[in-house]
Amino acid sequence: MSSESESDDVRVWLVERGYNNRDLIILTYATPDGARAFRREIAAQAIDMDTVTAARDVSPDDLATVEDADDRERYAEEATRMAAEHDPDETI
C-alpha cells in the first residue's frame, strides 16, 4: 500500500493555545508523554472554532521533538488532563 493508514497516526492532545503579533492563533498539541508536539498556526479571522478539538490524529512525520524539559513536563501534564476530561473530538 502506497499511503500510510490512519492507524499509523499518533494521537496528540491540545496543550496550549496562543496568539502572536501577526494575528495568528497558535495551537500546540502534544503526545501524552509530552515528548513530541504538533504545532498549527491559523489566521485568527479564518478560524472556525468548531474545528479546534481536544485531540488530533497526526502523522508521526508532522511531530517535532520537545527539547525543553519544562515544556515536556507541562505538556505531559496538560495532555493527560485533557485526555481524562475530554473526548478526542470534543470542541475546545
Side-chain angles (χ1 to χ4, degrees):
M1 184 157 62
S2 63
S3 66
E4 288 187 29
S5 70
E6 287 184 21
S7 63
D8 292 335
D9 288 349
V10 176
R11 174 143 304 156
V12 290
W13 294 88
L14 183 63
V15 295
E16 191 171 73
R17 184 185 332 225
Y19 304 89
N20 72 10
N21 60 357
R22 294 181 298 151
D23 203 26
L24 292 175
I25 296 172
I26 302 163
L27 303 173
T28 303
Y29 290 81
T31 55
D33 62 4
R36 296 186 298 163
F38 170 76
R39 196 173 141 133
R40 185 171 170 213
E41 294 183 1
I42 306 166
Q45 65 273 20
I47 191 168
D48 177 357
M49 293 310 285
D50 290 340
T51 65
V52 179
T53 57
R56 297 176 55 95
D57 294 327
V58 299
S59 168
D61 295 338
D62 292 334
L63 294 172
T65 300
V66 178
E67 300 293 339
D68 184 271
D70 290 338
D71 286 344
R72 276 195 309 271
E73 183 178 334
R74 185 169 48 89
Y75 288 174
E77 289 173 5
E78 185 62 11
T80 300
R81 185 188 71 77
M82 290 293 283
E85 295 180 7
H86 300 281
D87 290 330
D89 59 352
E90 185 176 340
T91 301
I92 301 293

Q: Using 0.5 Å steps for rounding, measure from the CD1 atom of Ile42 to the CG atom of Asp23.
A: 12.5 Å
Q: What distance do Ile92 atom CD1 and Arg17 atom CZ have between them, rounded to the nearest 0.5 Å?
A: 7.5 Å
Q: Do Tyr75 and Glu16 come within less than 4.5 Å of each other through their side chains, counting heavy atoms only?
A: yes
Q: If you define the side chain from C-beta out and look only at heavy atoms, does anything of Leu14 sit under 4.5 Å from His86?
A: no
Q: To the nearest 0.5 angstrom, please state how far the OH atom of Tyr29 sits from the OG1 atom of Thr53.
A: 4.5 Å
Q: What distance separates Glu73 CD from Asp68 CG, expressed to the nearest 0.5 Å?
A: 10.0 Å
Q: Quick one: do Leu63 and Val15 end up in the same hydrophobic cluster if we chain Ile, Leu, Val, Met, Phe, Trp and Tyr together by side-chain heavy atoms under 4.5 Å apart?
A: no
Q: Under a 3.5 Å distance rule, please check whether Thr65 uses its side chain to pair with a backbone N or O of Glu67 as donor and acceptor.
A: no
Q: Can you see which heavy atom on Asp9 is nearest to which on Pro60, and at what distance?
A: CA-CD, 4.4 Å
Q: If you compare all heavy atoms of Ala37 against all heavy atoms of Val66, which two are closest, and at what distance to 0.1 Å?
A: CB-CG2, 3.7 Å
Q: When you measure from the side chain of Arg56 to the backbone N and O of Phe38, does any donor-acceptor pair fall under 3.5 Å?
A: no
Q: Would you compute the distance between atom OH of Tyr19 and atom CG of Leu24 and round it to the nearest 0.5 angstrom?
A: 11.5 Å
Q: Can we say Arg74 and Glu78 salt-bridge, meaning some charged N sits less than 4.0 Å from an Asp/Glu carboxylate O?
A: no
Q: Is the shortest side-chain heavy-atom distance between Val12 and Thr31 below 4.5 Å?
A: yes
Q: How far apart are the closest heavy atoms of Trp13 and Pro88, and which atoms are they?
A: CH2-CG, 3.8 Å
Q: Work out which heavy atom in Ala30 is nearest to a heavy atom in Ala79; give both atom names and the distance.
A: O-CB, 4.0 Å
Q: CZ/Arg39 to CG/Leu27 distance, rounded to the nearest 0.5 angstrom?
A: 10.0 Å
Q: How far apart are the closest heavy atoms of Ala35 and Arg72, and which atoms are they?
A: CA-CD, 3.9 Å
